[in-house]
Amino acid sequence: MIVDRTLDVGICLEVLSDAYIFDSISEDTATIESIKVDVINDYWLKIEVEDRVIGVVQFKQVFNKCFDSHIHILKEFRKEHSNDAGDLILNWCYENITGSLLYTNVPDFCDNVKRFLLSFGFTEQGILSNAWFKNGKQNNMTILTREV
């Protein structure tokens, strides 16, 4: 497995526009055309196994040493490769953005995502009440952070 920065917008869009991923990351009213990928100002990593891109990661700098972070692994590869990908992503962070804070927001109904992040040293910091419109209703988002 290789995790490395990519400047290829097409690779990012291919993963993000996957039907399962798009449904997981978008609010009810979003369209594929609303996906925005900025490979110059954000760090985008590709996760590759045997020359196949199985996921991408976004680190969007919001403050000097703080990055909004999102991991997207294609569903059929999650069970086998998520843990290895998580380790390699953290290694990339230590080599490239050490001394930074990673944060992310996870919908409260995504317990598996929260458990995954907690297993990699993220901690829960609070709740954004009714922040995300999904499945026909407003949902809470849990804020998680981790220092690297």
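Looking only at side-chain heavy atoms (C-beta outward), Lys114 and Thr142 come within less than 4.5 Å of each other. Two residues are said to be in side-chain contact when any heavy atoms from C-beta on lie closer than 4.5 Å; Leu102 and Ile97 meet this criterion. Using a 4.5 Å cut-off on side-chain heavy atoms (C-beta onward), Tyr20 and Leu74 make no contact. For the pair Ile47/Phe77, no side-chain contact is recorded, criterion being any heavy-atom separation below 4.5 Å from C-beta on. With contacts defined as side-chain heavy-atom distances shorter than 4.5 Å, the pair Glu48/Ile54 does not qualify. Two residues are said to be in side-chain contact when any heavy atoms from C-beta on lie closer than 4.5 Å; Leu88 and Met1 meet this criterion. With a 4.5 Å cut-off on side-chain heavy atoms, Leu118 and Leu144 count as touching. The shortest side-chain heavy-atom distance between Phe22 and Ile32 falls under the 4.5 Å cut-off.
The backbone N or O of Ser69 lies less than 3.5 Å from a partner atom in the side chain of Thr104, making a donor-acceptor pair. Side chain of Ser82 to main chain of Lys79: no donor-acceptor pair is present (N/O by atom type, distance under 3.5 Å, no hydrogens or angles). Listed for the Asp28 side chain is a donor-acceptor partner under 3.5 Å among the backbone atoms of Gly136.
Among Asn105, Asn130, Ile127, the one residue that satisfies the side-chain contact (heavy atoms from CB on, under 4.5 Å) test with Met141 is Asn105.
The distance from atom CZ of Arg52 to atom NZ of Lys46, rounded to the nearest 0.5 Å, is 13.0 Å. Atom SG of Cys110 and atom CZ of Arg115 lie 10.5 Å apart (nearest 0.5 Å). Between Asn64 atom CG and Ser100 atom OG the span is 8.0 Å, to the nearest 0.5 Å. Within the model, atoms CG of Leu13 and CG of Asp18 stand 12.5 Å from one another, a figure rounded to the nearest 0.5 Å. In this structure, CG on Leu128 lies 12.0 Å from CD on Gln138, to the nearest 0.5 angstrom. With rounding to the nearest 0.5 angstrom, the CD1 atom of Ile73 is 11.5 Å from the CD atom of Glu80.
Closest heavy-atom contact between Thr98 and Lys65: O-NZ, 3.2 Å. In terms of heavy atoms, Asn139 sits closest to Lys137 at ND2-O, 2.9 Å. Closest approach of Leu45 to Val3, counting heavy atoms only: CD1-CG1, 3.8 Å. Ser26 and Trp132 get closest at one heavy-atom pair: O-CZ2, 3.6 Å. Thr6 and Cys12 get closest at one heavy-atom pair: CG2-SG, 4.0 Å. Of all the heavy atoms in Phe120 and Leu90, the pair that sits closest is CD2-CD1, 3.6 Å.
Tyr43 and Trp92 have their aromatic ring centers within a separation under 6.0 angstrom.
Taking the six-membered ring where tryptophan is involved, the planes of Trp44 and His72 are essentially parallel, since the angle between them stays under 30° and well short of 60°.
In the hydrophobic clustering, Phe63 connects to Val62, Tyr103, either directly or through intervening members, whenever side-chain heavy atoms lie under 4.5 Å apart.
If you chain together hydrophobic residues whose side chains sit under 4.5 Å apart, Ile40 and Ile35 fall into the same group. Phe109 and Ile25 fall into different hydrophobic clusters, defined by Ile, Leu, Val, Met, Phe, Trp and Tyr side-chain heavy atoms under 4.5 Å apart, directly or through other members. Both Val49 and Val53 are assigned to one and the same hydrophobic cluster, defined by single-linkage of ILVMFWY side chains at heavy-atom distances under 4.5 Å. Leu117 and Leu101 sit in two unconnected hydrophobic clusters of ILVMFWY residues. Membership requires side-chain heavy atoms under 4.5 Å apart, directly or through other members. Cluster membership check: Ile143 does not share its hydrophobic cluster with Val106, using side-chain heavy-atom separations under 4.5 Å among Ile, Leu, Val, Met, Phe, Trp and Tyr.
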What verdict does the side chain to side chain donor-acceptor pair (under 3.5 Å) test give for Thr29 and Glu27, after you've listed the backbone C-alpha separation in whole Å, the side-chain angles of each residue and the deciding distance to 0.1 Å? CA-CA 6 Å; Thr29 58; Glu27 289 188 285; 5.6 Å; no
Dump the intermediate steps for side chain to side chain donor-acceptor pair (under 3.5 Å) on Thr123 and Gln125, then the final yes or no. CA-CA 6 Å; Thr123 58; Gln125 300 299 324; 2.7 Å; yes
Dump the intermediate steps for side-chain contact (heavy atoms from CB on, under 4.5 Å) on Ile89 and Ile71, then the final yes or no. CA-CA 9 Å; Ile89 292 163; Ile71 302 167; 4.3 Å; yes
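Partners of Tyr94 according to the side chain to side chain donor-acceptor pair (under 3.5 Å) rule, which considers only residues two or more places apart in sequence or in another chain, are Arg146. Checked against side chain to side chain donor-acceptor pair (under 3.5 Å), Asp23 has the following partners two or more places apart in sequence or in another chain: Lys134.
Other residues, nucleotides and ligands contribute only 12 or fewer heavy atoms inside 6.0 Å of the NZ atom of Lys60. Heavy-atom neighbours of Glu124 CD from other residues, nucleotides or ligands within 6.0 Å: above the threshold of 12.
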